[in-house]
Amino acid sequence: MLREQDVGHRIVVRRRVGVRGGRPVYADALGELVELNETHLTLTTRQGRLRVPIAEVHRAKRVPAARRPTAAAMIELELAADEAWPAPVRARLGDWLLRAADGWTGRANSALPVGDPDRPLPAALDEVQRWYAGHGRPAMVNTPLPLAAPVGGELDRRGWGSRPPVLVQTAPLAALLAAASDEAIPAAAGVPDSGGDPGGTTGTGRRGGAGGAAGPVVELAGAPSADWLAVAAGRKGGLPDAARHVLTAVDHVRFAHVYLDGVLVAVGRGTVTGQGRWLGLCLVEVLPAARRQGLAVRLIRALADWAAETGATDAFLQVEQSNAGAVALYRKLGFTTHHTYLTRIAPQ
């Protein structure tokens, strides 16, 4: 049967769809697993989204991806994502990265096991635990899958826990810009605005952030305003000094603000990393009273415009697979799952 580690991967499901002549009738579905819980699994197929009750599943298994990313491609993207979310305390274990940021977010407080740790795997994980203990933090390891499957297997044997699966999704920047245009996704369509989760002192205002259409101004700034930080603090449970480093210590970063009647109602953050290739989108948030107006799409379009001007060619984001609203929005914008990751936590 499937496990949480299979979310974001290609699967085939054989399910019972009826009875004929006293015998069960089965149908097969092939697609990407986007949700798995105790009662249902959901996959996206060429025909659309399919939700299958677990009680109807006869068999389900992971199958090879149509175009599985190479190890080199996964490492490149993971390092670009690390560059976009820089922990203030860092060390190396061979090629592995050890990161700490006063406990603010799992990404900035977990080891990233990509490459060779320059020692046997069990010894490497022992050293990870010693390093985090020395910094007064619980040991965590971010395991990109399937790249870090051997690491995950060793952590399973050690009884480590796991946070919910995260989808690492990508889109060509040109396709994102086209999809985010007002013509492609008008505000009236009711696209859900939802969060994802990844310069000068002043930015540029972009009318509408989508093809120049009339609408709220998306203001891009090289530093977050106090209001922007307040929204982020509310979402992430506070902002220690380490958080400000994570947010701002990137050479190419923009903070998006959308105001309505003088009130900040939508925020987002964009970075360009990975030798200028990748736009990283994160902390996209629209306050509840301003949702269903297409503000998230306008905001993303403004950040994509900025990134394209710098020479970026692709975009990525990281979103919990259980965040159905965000996953649906990003699918409309052309994002597909490149790989997944699990944040593993040492037993206490």
Less than 4.5 Å apart, side chain to side chain, heavy atoms only: is that true for V231 and H257? no
Using the test salt bridge (charged side-chain N to carboxylate O under 4.0 Å, His left out), find all partners of R90 that sit at least two apart in sequence or belong to another chain. D82
Same cluster or not: L239 versus L287, using hydrophobic residues (I, L, V, M, F, W, Y) connected whenever any side-chain heavy atoms lie under 4.5 Å apart? yes
Are L145 and I75 linked, directly or through other ILVMFWY residues, by side chains that come within less than 4.5 angstrom of each other? no
Any donor-acceptor pair under 3.5 Å from W104 side chain to D241 backbone: no
Mind telling me whether F255 and W228 have parallel, tilted or perpendicular rings, with 30° and 60° as the class edges? perpendicular
Verdict with supporting geometry, V267 and L283, side-chain contact (heavy atoms from CB on, under 4.5 Å): CA-CA 7 Å; V267 301; L283 296 175; 5.6 Å; no
Same apolar cluster: L264 and L247, side chain cutoff 4.5 Å: yes
Before you tell me yes or no, could you show the steps for D126 and R158 under salt bridge (charged side-chain N to carboxylate O under 4.0 Å, His left out), namely the whole-Å CA-CA distance, both residues' side-chain angles and the distance that decides it to 0.1 Å? CA-CA 11 Å; D126 289 343; R158 294 177 178 225; 2.8 Å; yes
Decide yes or no for Y259 and D227: does some side-chain heavy atom of the first lie under 4.5 Å from some side-chain heavy atom of the second? yes
Using only atom types and a distance under 3.5 Å, with no angle test, would you say the side chain of T45 pairs donor to acceptor with the backbone of G31? no
Indicate yes or no: at least one non-hydrogen side-chain atom of E320 is less than 4.5 angstrom from one of V166. yes
Does T271 reach the side chain of E83, with side-chain heavy atoms less than 4.5 Å apart? no
Output, in order, the C-alpha distance, side-chain angles, deciding distance and verdict of side chain to side chain donor-acceptor pair (under 3.5 Å) for T340 and Q321. CA-CA 9 Å; T340 64; Q321 62 92 10; over 6 Å; no
Pick from K236, R291, R269: which one makes a salt bridge (Lys or Arg N to Asp or Glu O under 4.0 Å) with E285? R291
Between E219 and R254, is there a side-chain N and carboxylate O pair less than 4.0 Å apart? no
Is the side chain of E76 donor-acceptor paired with the backbone N or O of G274 at a distance under 3.5 Å, no angle test? no
Check: V246 and P88 side chains under 4.5 Å, non-hydrogen atoms: yes
Atom of P86, atom of H245 and distance for their closest heavy-atom approach: O-CD2, 3.2 Å
Pairwise side-chain contact, N109 with P138, heavy-atom cut-off 4.5 Å (strictly under): no
In the hydrophobic clustering that connects Ile, Leu, Val, Met, Phe, Trp and Tyr at side-chain heavy-atom distances below 4.5 Å, which members other than L93 occupy its cluster, ordered by chain and number? V89, W96, L98, L121, L125, V128, W131, Y132, V141, V151, L155, W160
Side-chain contact, heavy-atom cut-off 4.5 Å: R331 with Q169? no
Show the numbers, then the answer: is there a side-chain contact (heavy atoms from CB on, under 4.5 Å) between Y26 and R16? CA-CA 5 Å; Y26 299 98; R16 289 180 290 273; 3.2 Å; yes
Hydrophobic clustering (ILVMFWY, side-chain heavy atoms < 4.5 Å, transitive) - are V114 and L77 grouped together? no
Keeping the roles fixed (side chain from R244, backbone from L229), state whether a donor-acceptor pair exists under 3.5 Å. no
With a 4.5 Å cut-off on side-chain heavy atoms, are E35 and S322 touching? no
Residues which pass salt bridge (charged side-chain N to carboxylate O under 4.0 Å, His left out) with D95, listed by chain and number, not counting sequence neighbours: none
Donor-acceptor pair, distance only, cut-off 3.5 Å: does the side chain of R119 make one with the backbone of P117? yes
Salt-bridge contact D305-R301 (side-chain N to carboxylate O under 4.0 Å): yes
What heavy-atom pair brings L50 and A29 nearest, and what distance separates the two atoms? CD2-CB, 3.6 Å
Would you say W85 ends up clustered with L79 if hydrophobic residues are merged whenever their side chains have heavy atoms under 4.5 Å apart, either directly or through other cluster members? no
For a side-chain contact (heavy atoms from CB on, under 4.5 Å) check, start with the C-alpha distance between L176 and L173, then their side-chain angles and the critical distance, and finish with the verdict. CA-CA 5 Å; L176 172 58; L173 196 53; 4.0 Å; yes
With distance as the sole test, does R99 use its side chain to make a donor-acceptor pair with the main-chain N or O of S110 at under 3.5 Å? yes
Residue pair H252 / T310, side-chain donor-acceptor N/O under 3.5 Å: no
Evaluation steps, side-chain contact (heavy atoms from CB on, under 4.5 Å), between Y341 and R107: CA-CA 10 Å; Y341 75 74; R107 278 180 285 169; 3.5 Å; yes
